[in-house]
Amino acid sequence: MTPFLSVLTSVVAWVAAMLTVASLAVVGPARLRAARTGVRARLWDARRAVAVLCAVLLASALGRSWLLDVSRLFGLQATALIYALEGGFVAWVQATFAGPALTAYFSWVYVYGYAFLLAFPVVAYLALPRTVTFRRVLVAYALNYGIGLALYTLIFAHGPRNVMPEMVTPLLFANQPDVMALTSEVNVNSNVFPSLHTSLAVTVGTFAVLTREEYPRWTPVGVTLSLSVVVATMYLGIHWLTDVIAGFALAFGSVYLAHRFVEPRGEGLSPGDDAGERPGSGTGADD
């Protein structure tokens, strides 16, 4: 088995196990059993949000290499500017806090915890009888990826481990060298501003707070895991503090826009907006 398939299999196994445990503990067996009968109708109700997210992910996958060339040639060369803003902050973080236990934890969080963090809201919000939160989180994901891709094209910058190799150690790859086979398939070292790990993690954490009455057990877990991902991006030497701050802004902006764009069914929508809803589907219409 190649290193890429080995890491991918490991990620899938970890995420599947965590989704199973979290679904039982957070969503609950009764709601999961009740949700099974309405999953197809809910997915149909959320088809536009699903299509938007799929389109953005497809555009990112197909256009990333070409847009990287555009960014390298015409984008704002921001590495020196970012370094001038914050200097050796990331190097200070590693010099002050780095140790074997934290390195193992943040490496696990960056790869496995992050994948679970993005996957669980899809399961949890799809299990709700109303689709508005499910549709909003999908749109928020799409906004994160879409705006992030545009910024990656406009701004060309390298991360701290590439700029200060004598001061910043790539702890993730030093701790788990096989992970590089996976990360190289989904990212490049000049895609640093903003930190999408931060923006997507904070997006999930924000939704966890907003839905605390529906899923009170998920809120502390989601927020803790989200903040751990944020710290991991700097601790592992992958992102600047500047990238992280921009990631927070992108996350809050995406959540705000998702709430503006996706309204509950029958509230504030123009006639015909729900025309595609299946008659008698029993979902979405009561959002």
Side-chain angles (χ1 to χ4, degrees), residues 11-39 41-43 45-46 49-50 53 105-145 195-233 244 247-248 250-265 283-284 286-287:
V11 171
V12 170
W14 266 104
V15 171
M18 288 189 287
L19 283 178
T20 301
V21 173
S23 297
L24 293 172
V26 175
V27 181
R31 175 171 275 172
L32 289 173
R33 284 194 297 269
R36 283 191 308 176
T37 57
V39 167
R42 291 170 193 155
L43 288 173
D45 190 58
V50 174
L53 178 58
Y105 172 69
F106 284 123
S107 296
W108 180 89
V109 161
Y110 191 84
V111 178
Y112 303 100
Y114 175 69
F116 162 72
L117 191 65
L118 298 194
F120 181 70
V122 175
V123 175
Y125 299 144
L126 183 60
L128 294 174
R130 301 171 180 176
T131 64
V132 61
T133 307
F134 177 61
R135 288 181 285 127
R136 281 173 173 165
V137 81
L138 294 183
V139 170
Y141 282 180
L143 287 167
N144 273 283
Y145 279 114
S195 164
L196 272 189
H197 262 68
T198 294
S199 68
L200 286 161
V202 173
T203 293
V204 173
T206 304
F207 270 95
V209 173
L210 294 174
T211 58
R212 59 190 179 280
E213 293 184 2
E214 197 70 56
Y215 289 127
R217 292 180 178 178
W218 171 238
T219 305
V221 176
V223 171
T224 301
L225 203 48
S226 297
L227 295 178
S228 294
V229 171
V230 171
V231 175
T233 64
V244 170
F248 269 91
L250 176 56
F252 293 146
S254 296
V255 173
Y256 171 77
L257 290 175
H259 280 72
R260 290 293 302 271
F261 294 158
V262 181
E263 298 187 49
R265 300 295 194 203
T283 63
D286 57 347
D287 284 345

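Here, residue 1 is the first one in the sequence, and each next residue gets the next number.
- Side-chain contact of T211 with Y125: a donor-acceptor pair under 3.5 Å is present, judged by distance alone.
- Residues P121 and V137 share a closest heavy-atom pair of CB-CG2, 4.3 Å.
- Using a cut-off of 4.0 Å between Lys/Arg side-chain N and Asp/Glu carboxylate O, E214 and R130 are scored as not salt-bridged.
- Side-chain contact between Y141 and V204 is present, with at least one heavy-atom pair separated by less than 4.5 Å.
- Panel note: side chain R42, backbone L126; a donor-acceptor pair is recorded below 3.5 Å.
- Between Y215 and L128 there is a side-chain heavy-atom pair separated by less than 4.5 Å.
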Side chain to side chain contact (heavy atoms under 4.5 Å, CB included) assessment of V139 paired with L257: CA-CA 9 Å; V139 170; L257 290 175; over 6 Å; no
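- The shortest non-hydrogen separation linking V209 to T219 is CA-CG2, 4.1 Å.
- At a threshold of 4.5 Å between non-hydrogen side-chain atoms, the residues V27 and F120 count as touching.
- The environment of CH2 in W108 is crowded: more than 12 heavy-atom neighbours from other residues, nucleotides or ligands sit within 6.0 Å.
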Verdict with supporting geometry, S228 and Y105, side chain to side chain contact (heavy atoms under 4.5 Å, CB included): CA-CA 9 Å; S228 294; Y105 172 69; 2.7 Å; yes
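- Between V230 and F248, some side-chain heavy-atom pair lies under the 4.5 Å cut-off.
- Between A115 and V11, the shortest heavy-atom distance links the atoms CB-CG1, 4.1 Å.
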Test log, rule side chain to side chain contact (heavy atoms under 4.5 Å, CB included), inputs L225 and F116: CA-CA 10 Å; L225 203 48; F116 162 72; 3.7 Å; yes
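- Counting heavy atoms from C-beta on, the side chains of V223 and L227 come closer than 4.5 Å.
- Using a 4.5 Å heavy-atom cutoff, the side chains of L118 and T203 are not in contact.
- A 4.5 Å side-chain heavy-atom check between V202 and S226 finds every atom pair outside the cut-off.
- Under the 3.5 Å distance criterion, the side-chain polar atoms of R135 are left unmatched by any main-chain donor or acceptor of V262.
- For the 3.5 Å distance criterion, the side chains of Y112 and S107 fail to qualify, holding no donor opposite an acceptor.
- Of all heavy-atom pairs spanning S254 and A140, the tightest one is CB-O, 3.8 Å.
- Looking at heavy atoms from C-beta onward, F134 lies in side-chain contact with L43 at the 4.5 angstrom threshold.
- The CE atom of M18 lies 9.5 Å from the CG atom of L117; values are rounded to the nearest 0.5 Å.
- In terms of modelled atom types and a separation under 3.5 Å, the side chain of T224 and the main chain of V221 share no donor-acceptor contact.
- Scanning all heavy atoms of the two residues, the minimum distance from H197 to Y114 falls at NE2-CD2, 3.2 Å.
- In this structure, CZ in F207 is found 5.0 Å from NE2 in H259, a value given to the nearest 0.5 Å.
- For the residue pair L143 and L250, the shortest heavy atom distance occurs at O-CD1, 4.4 Å.
- With rounding to the nearest 0.5 angstrom, the OG1 atom of T198 is 10.5 Å from the CG atom of N144.
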